[in-house]
Peer 1: 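Encoded as structure tokens, here's the structure I'll be asking about.
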Amino acid sequence: MDVSYILDDLNDAQRDAVTADSTGTLVLAGAGSGKTRVLVHRIAWKIKVEGLSTYSILAVTFTNKAAREMRGRIEALMGGNLNHGMWVGTFHGLAHRLLKAHASEAGLPDNFQILDSDDQFRQLKRIHRELELDDSRWPPRQSQYFINGHKDEGRRAAHIDDFGGDLYLSTMLKVYRRYEEVCRQQGVIDFAELLLRALELWRDNPAILDHYQQRFKHVLVDEFQDTNAVQYAWLRLLSSKGMAMTAVGDDDQSIYGWRGARIENIQQFSKDIANTQIVRLEQNYRSTNNILKAANALIANNSQRLGKELWTEGEDGDKIALFAAFNEQDEARFVTDRIDELLRDDYRRSDIGVLYRSNAQSRVLEEYLVRAGVPYRIYGGQRFYDRLEIKNALAYLRIIALRDDDTAIERVINTPTRGIGNRTVEILREYAREHQLSLWRSAVAVMENGLLTARAGNALRGFLSLIEELAGECQDLPLDEQVSIAIDRSGLIAFHEKEKGEKAQARVENLQELITAARGYSADDDETEPLRAFLDQAALDAGDQQADEHEDSVQLMTLHSAKGLEFPAVFIVGVEENLFPHKMSMDDPERLEEERRLAYVGITRAERKLYLSYAESRRLHGQESFNSLSRFVREIPNELIDEVRINNTVTRPSSYAQSTTSSQQAAASSIGFGLGQRVLHSIFGAGVVISFEGQGASARVQVNFEDEGSKWLVLQYANLQAL
DNA sequence: GGTCACTCTATTTTT
DNA sequence: TAGAGTGACC
């Protein structure tokens, strides 16, 4: 059999990774080094050369997008149906699949439903109300973090010690316990629970675990550095009998520590699995040499790396452009000007990515792009299935599928308004609590016992019969017709149609789009309940991001959402201390390193052109702030950087040890302070040098004091002390 | 039940 | 600065 197509066109390292026959294979895949390729080719190798069946392969990713891409590429490489029987999906998707197959062993009802973060939040709000917690002292958001954080680490309420009644812990635990109870009653599980249950399912049912251990001969994990404790434990359990595992990841691109990702897992891998081979993919096919040199130099400042250095056979390319803007407006002008220039230079708009640390930074950029008439698209943002109108429509469908879904009932019992006020709902909640019933059952009971006033009773009866009628009409219809009937008969369409404002029309369109989505949705062949499958998918998949995806447009996004993407030209704006690295992350060395990795991710998105910019003064949240140039820029060797403009007060600060190139830097050293230098003043206290001018006796510095704000001082008299 | 004015808060986000 | 969330009021 000719299998050369699997190995041709691979470099040596990629080939090693594809053909490794160790039990554990850790592929440290640098940015742009062809990691998806390696994963896909390795699967082909296992099947075509080593003779594994497609049935015995499990491939796990984090996002649906990555799973789809992998599936598509496997099919493209190996042809059509070989993919059948192979498990390729996200951690959550696969966990869901497992739990559906073994619901009773997992302690779940057959028809359990998924609670997304928004539903979870609402649920917790309700619990806080029930437990009479003051929202300002105990924000539901905090409980959500607490619960998810612990679940991500594999801890249930029963596992957590309240240290003898510590107020914070015991309150959080009270909420956690009640939440677990409510979820159980309603038969719903949240995202973290999906993973935790799947882990417990295997841990507590050796026979089931054994079945999967027999079945899967090889598991491949993408973006391994992003796995959390539960995900890693799940993988370890599956592979505990010596099944082979390939983990692909990059410790330098771990940027999700704040949501439970454990960079340690990648370091632990070779210790946990006997006979591990580590393969480094360091040859980069994306960026110019200068860009890679900058990235390498930057990331070298992090400790505890597994170590990796990107290189390319390609050319040096342009230097990295650095622009010092007066303020955020000036910065936005710079970006639009350069974009214009690039467009004249035959770049397409979609070749350009503009990256920022936090979403709030996009506003000014948008203003300038609109003014310049440059179409743009903001990546990320709200997911299709998270939109209010869509969630409402789905809530009706959920109730049709399962009357006991309290979250769905709460959401739409009075949307569109039908005269069921807060008082009525409160009565239902009370009744439900007392009799341990779902809201739906409580409503039925309350009606039977005539516990409501005539008016409220009529309104509630209207809702109950609406749902029953809907359910009756939808029976056995194709999915899209069910959706269509639900949003029409519920009055949602009419409700949004008479709403005013620009949003209203978009909402109606989105509802129509939902019908289209249902039409295009094909459930698995063996799916007996397409509606449930569709609802599950809606919870687990973001859906298409934006409608106007096809227009050629400049791409705006946060650095986080840029991971995995690449652009011929990249702008990273706001490279300032306090913004990037963000001030919330600066005190903790580990979080600072994560910020640095984020910068590394940003830089390595660029293929040919990279522009960095910072603003001397920036208005954020209505407050003016003066930040100095990000330390991350100072960690890039001077010779790779091209200062775009030198104005008379600000230039790039010296990286102290490096040779000075501009006259300003010479001045800086003659003054004895560089930009960004922390200094102490006898009256004003501590501050940071943000600007300077003049020399000798007339030299003045601008210092941004922590308590006093920014001041110009004559250096000779200021008596500043370097800190 | 809907509107208006006020307060509060602001890092990153997938499932 | 702006958006979301809340509470008073009609």
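Numbers restart at 1 for each chain; the letters A, B, ... are given by sequence-line order, proteins then strands.
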Peer 1: Does A:Asn64 reach a base, just sugar-phosphate, or nothing at all? Heavy atoms under 4.0 Å.
Peer 2: sugar-phosphate
Peer 1: Whole-Å distance between B:dT15 P and A:Gln231 CD?
Peer 2: 12 Å
Peer 1: Could you tell me the separation between the CD atom of A:Glu366 and the P atom of C:dA2, rounded to a whole number of Å?
Peer 2: 12 Å
Peer 1: Regarding B:dT15, can its base be found pairing with the side chain of A:Ser117 as donor and acceptor, where the two atoms are less than 3.5 Å apart?
Peer 2: yes
Peer 1: Just call it for A:Ile420: base, sugar-phosphate, or nothing, with non-hydrogen atoms closer than 4.0 Å on any strand.
Peer 2: sugar-phosphate
Peer 1: Planes under 30° and centres closer than 5.5 Å, is that true for A:His582 with the base of B:dT11?
Peer 2: yes
Peer 1: To the side chain of A:His621, which of B:dG2, B:dA10, B:dT15 is closest?
Peer 2: B:dA10
Peer 1: How is A:Ser585 classified with respect to the nucleic acid when contacts are heavy atoms under 4.0 Å: base, sugar-phosphate, or nothing?
Peer 2: base
Peer 1: Quick one: which of C:dT1, B:dT12, B:dT15 gets closest to the side chain of A:Arg619?
Peer 2: C:dT1
Peer 1: Expressed in whole Å, how much space separates the C1' atoms belonging to C:dT6 and B:dT11?
Peer 2: 25 Å
Peer 1: Could a donor-acceptor pair under 3.5 angstrom be found where the side chain of A:Arg591 meets the base of B:dT12?
Peer 2: no
Peer 1: Between A:Tyr256 and A:Trp258, is the gap from one ring center to the other below 6.0 Å?
Peer 2: yes
Peer 1: So, does A:Thr558 get its side chain near the phosphate of B:dT13, meaning an N or O under 4.0 Å from OP1 or OP2?
Peer 2: yes
Peer 1: Could you check whether any side-chain N or O of A:Glu616 sits under 3.5 Å from a backbone N or O of A:Asn627, counting only pairs where one atom can act as donor and the other as acceptor?
Peer 2: no
Peer 1: Check for a donor-acceptor pair, side chain of A:Arg197 on one end and backbone N or O of A:Ala106 on the other, with a separation under 3.5 Å.
Peer 2: yes
Peer 1: Between B:dA10 atom C1' and A:Gln361 atom CD, what is the distance in whole Å?
Peer 2: 12 Å
Peer 1: Roughly how many Å is it from CE in A:Met586 to P in B:dT11, rounded to a whole number?
Peer 2: 13 Å
Peer 1: Give a yes/no on whether any side-chain N or O of A:Asn359 is located under 4.0 angstrom from OP1 or OP2 of B:dT12.
Peer 2: yes
Peer 1: When you measure from the side chain of A:Asp190 to the backbone of A:Gln120, do you find a donor-acceptor pair of N or O atoms at a distance under 3.5 Å?
Peer 2: no
Peer 1: Give me each pair satisfying salt bridge (charged side-chain N to carboxylate O under 4.0 Å, His left out) with a member in residues 352-362 of chain A, each pair once, sequence neighbours excluded.
Peer 2: A:Arg357-A:Glu595
Peer 1: Return the nearest nucleotide to the side chain of A:Ser561; candidates are B:dT12, B:dT13, B:dT15.
Peer 2: B:dT13
Peer 1: If the cut-off is 4.0 Å, is A:Ser358 near the phosphate of B:dA10, judged by side-chain N/O to OP1 or OP2?
Peer 2: no
Peer 1: Is it possible for you to check whether A:Arg141 lies under 6.0 Å from the centre of the six-membered ring of A:Phe121, through NZ or CZ, and within 45° of that ring's axis?
Peer 2: yes
Peer 1: Side chain of A:Arg363, heavy atoms from C-beta onward: which of C:dA2, B:dT15, B:dT14 has the nearest atom to it?
Peer 2: C:dA2
Peer 1: Given atom CG of A:Asn578 and atom P of B:dT11, what is their separation to the nearest angstrom?
Peer 2: 12 Å
Peer 1: Specify the separation, in whole Å, of atom CG of A:Asn327 and atom C1' of C:dT1.
Peer 2: 15 Å
Peer 1: Using a heavy-atom cut-off of under 4.0 Å over every strand shown, decide if A:Asn414 touches base, sugar-phosphate, or nothing.
Peer 2: sugar-phosphate
Peer 1: Does B:dT12 have A:Trp258 stacked on its base, where the ring centres are within less than 5.5 Å and the planes differ by under 30°?
Peer 2: yes
